Student: 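This is the structure I want to talk about, given as structure tokens.
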There are 2 protein chains.
Amino acid sequence: MLEAHQYLRQFSIKPSVQRSAVMNFLLNNRIHPTIDEIYMALSPNMPTLSKTTVYNTLDLFVEKGAVRPLVIDEKNARYDVDISAHAHFMCKSCGAVHDIFNVNPSYFTLPQSDKFNINAVEISYSGICNVCKGN
Amino acid sequence: MLEAHQYLRQFSIKPSVQRSAVMNFLLNNRIHPTIDEIYMALSPNMPTLSKTTVYNTLDLFVEKGAVRPLVIDEKNARYDVDISAHAHFMCKSCGAVHDIFNVNPSYFTLPQSDKFNINAVEISYSGICNVCKGN
DNA sequence: CTTTGTGCAAATTCTTTGCACCAAA
DNA sequence: TTTGGTGCAAAGAATTTGCACAAAG
């Protein structure tokens, strides 16, 4: 937990018990969790935790640049504590989201445009994972 | 409308008045509309149209490969009738989604993986458009 | 007729909001 | 104390579902 505590300070986020717990979960569970997954994972050990706090906390983390919101799952918001340039894969069957690191870094270059001020890119792959495919 | 009618047949979609109207709208309004935008645009001329039908219709179009669902807007599902490989830009201020065609075609290459069966890719850019920026 | 499509209303799910209470400085 | 954080309950928004009626073949 101390680790998460320190980590938050790097992003100028005041640590609280709840914030540290959420960050700790994100740092140790690189599953790009949904709000509900975070809430479900933490509430057994923090019975008073509310989902509103998880929403507030993730909004703050995104605002401070400590996590990035993923746009890959139409159903739920998902968050990644790894803010380095990398892509993601989502299995259309089980819904799991995985990191894809072997993507040419040049793909993350932002294109020039005279109509838009482009400042972020997201590369999302989808298909079926081997677990769902049955091997 | 005849155009849309024919277009649907190419994808083995039985045309109905509603389906043709939706496809016609998509073909002539390349704005990557949401369900609500489609519904709002058509309902004045089709008072009995229901939003459920718009949902059903778009689901069918996606299933038949006539349109592709965009994963770029966390708030609403958006659809693109142009199924060729190209990227999109979404303005975080006004929410408008635009096509980005000047992206290196190689970026759309699907990476190989022994863990996943990757069969689709989406490249999404975001930022602020010039209209919102004030010039 | 029989199948397929449409549309209303209700239900569900995810997210946001308002407000009171708690905690830290 | 004063500010900021938390949590409950209610509200809101997008989507899905169940079912009855309409349309097409």
Side-chain angles (χ1 to χ4, degrees), chain A residues 1 4-5 8-9 11-25 32-64 66-67 69-79 90 92 95 97, chain B residues 1 4-5 8-9 11-25 32-64 66-67 69-79 90 92 95 97:
Chain A
M1 195 75 83
H5 182 97
L8 290 178
R9 293 207 184 282
F11 293 93
S12 313
I13 297 167
K14 257 195 235 174
S16 70
V17 175
Q18 291 86 342
R19 289 172 183 173
S20 295
V22 172
M23 182 50 82
N24 186 57
F25 180 79
H32 320 90
T34 63
I35 293 289
D36 196 60
E37 284 170 344
I38 298 169
Y39 175 75
M40 288 305 189
L42 300 181
S43 59
N45 297 315
M46 295 183 77
T48 69
L49 181 68
S50 85
K51 211 175 268 191
T52 302
T53 297
V54 182
Y55 275 103
N56 289 340
T57 300
L58 270 295
D59 284 350
L60 178 68
F61 287 3
V62 169
E63 186 193 316
K64 294 291 189 177
V67 308
L70 299 187
V71 185
I72 190 171
D73 181 350
E74 320 75 63
K75 298 293 178 188
N76 317 66
R78 287 180 173 275
Y79 300 90
M90 179 166 177
K92 283 175 181 167
V97 173
Chain B
M1 193 78 82
H5 182 97
L8 290 178
R9 293 208 184 281
F11 293 94
S12 312
I13 298 166
K14 257 193 235 173
S16 71
V17 175
Q18 291 85 343
R19 289 172 183 173
S20 295
V22 171
M23 181 51 83
N24 186 57
F25 180 79
H32 320 91
T34 63
I35 293 289
D36 196 60
E37 284 170 344
I38 297 169
Y39 175 75
M40 289 305 190
L42 300 182
S43 59
N45 298 313
M46 296 184 77
T48 70
L49 181 67
S50 85
K51 210 175 266 190
T52 303
T53 296
V54 182
Y55 274 103
N56 289 340
T57 300
L58 270 295
D59 284 350
L60 178 68
F61 287 2
V62 169
E63 185 193 317
K64 295 290 188 178
V67 308
L70 298 187
V71 186
I72 190 170
D73 181 349
E74 320 75 64
K75 298 292 179 189
N76 316 66
R78 288 179 172 275
Y79 301 89
M90 179 167 177
K92 284 174 182 169
V97 173

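Remember, predicted model here, so these are calculated numbers, not experimental data. Lettering follows sequence order; numbering is per chain, from 1.
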Student: Can you name the side chain to side chain contact (heavy atoms under 4.5 Å, CB included) partners of A:Val67, sequence neighbours left out?
Tutor: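 Partners of A:Val67 under the side chain to side chain contact (heavy atoms under 4.5 Å, CB included) test: A:Met23, A:Leu26, A:Leu58, A:Phe61, A:Val62, A:Tyr79, A:Val81.
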Student: Partners of B:Asn76 by side chain to side chain contact (heavy atoms under 4.5 Å, CB included), sequence neighbours excluded?
Tutor: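 B:Asn76: side chain to side chain contact (heavy atoms under 4.5 Å, CB included) contacts with B:Thr34, B:Asp73.
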Student: Nearest to the A:Ser16 side chain among D:dG5, D:dT16, D:dG7, which nucleotide is it?
Tutor: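 So the side chain of A:Ser16 is nearest to D:dG5.
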Student: Is the shortest side-chain heavy-atom distance between A:Asn56 and A:Leu60 below 4.5 Å?
Tutor: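 Not in contact.
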Student: Can you list everything that forms a salt bridge (Lys or Arg N to Asp or Glu O under 4.0 Å) with B:Arg19? Sequence neighbours excluded, please.
Tutor: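 Salt bridge (Lys or Arg N to Asp or Glu O under 4.0 Å) list for B:Arg19, sorted by chain: empty.
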Student: Of the nucleotides C:dT6, D:dT15, C:dT16, which one has an atom closest to the side chain of B:Lys75?
Tutor: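 For the B:Lys75 side chain, the nearest candidate turns out to be C:dT16.
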Student: What residues, two or more places apart in sequence or in another chain, satisfy ring-ring contact (aromatic ring centres under 6.0 Å, His included) together with B:Tyr55?
Tutor: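 Scan of B:Tyr55 (ring-ring contact (aromatic ring centres under 6.0 Å, His included), adjacent residues dropped) gives none.
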Student: Between the protein and nucleotides 8-12 of chain C, list every N/O to N/O distance that falls short of 3.5 Å.
Tutor:
| residue | atom | partner | partner atom | Å |
| --- | --- | --- | --- | --- |
| C:dC8 | N4 | B:Thr52 | OG1 | 3.1 |
| C:dA9 | N6 | B:Thr52 | OG1 | 3.4 |

Student: Within the sub-3.5 Å range, which N or O atoms of nucleotides 21-25 of chain D have a protein N or O partner, and how far apart are they?
Tutor:
none

Student: I want to verify a distance call: between D:dT6, C:dT6, D:dT15, whose nearest atom is closest to the B:Asn76 side chain?
Tutor: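 The nucleotide sitting nearest to the side chain is D:dT15.
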Student: Tell me whether A:Arg78 contacts the main-chain N or O of A:His32 through its side chain, where contact means a donor paired with an acceptor under 3.5 Å.
Tutor: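 Judged by distance alone, yes, a pair lies under 3.5 Å.
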Student: With sequence neighbours excluded, give me every side chain to side chain donor-acceptor pair (under 3.5 Å) pair touching residues 39-51 of chain B.
Tutor: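 Qualifying pairs, neighbours excluded: B:Asp36-B:Lys51, B:Ser50-B:Thr53.
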Student: Does A:Gln18 place a side-chain N or O at less than 4.0 Å from the phosphate oxygens OP1/OP2 of C:dA23?
Tutor: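 No, because none of the side-chain N or O atoms of A:Gln18 sits under 4.0 Å from OP1 or OP2 of C:dA23.
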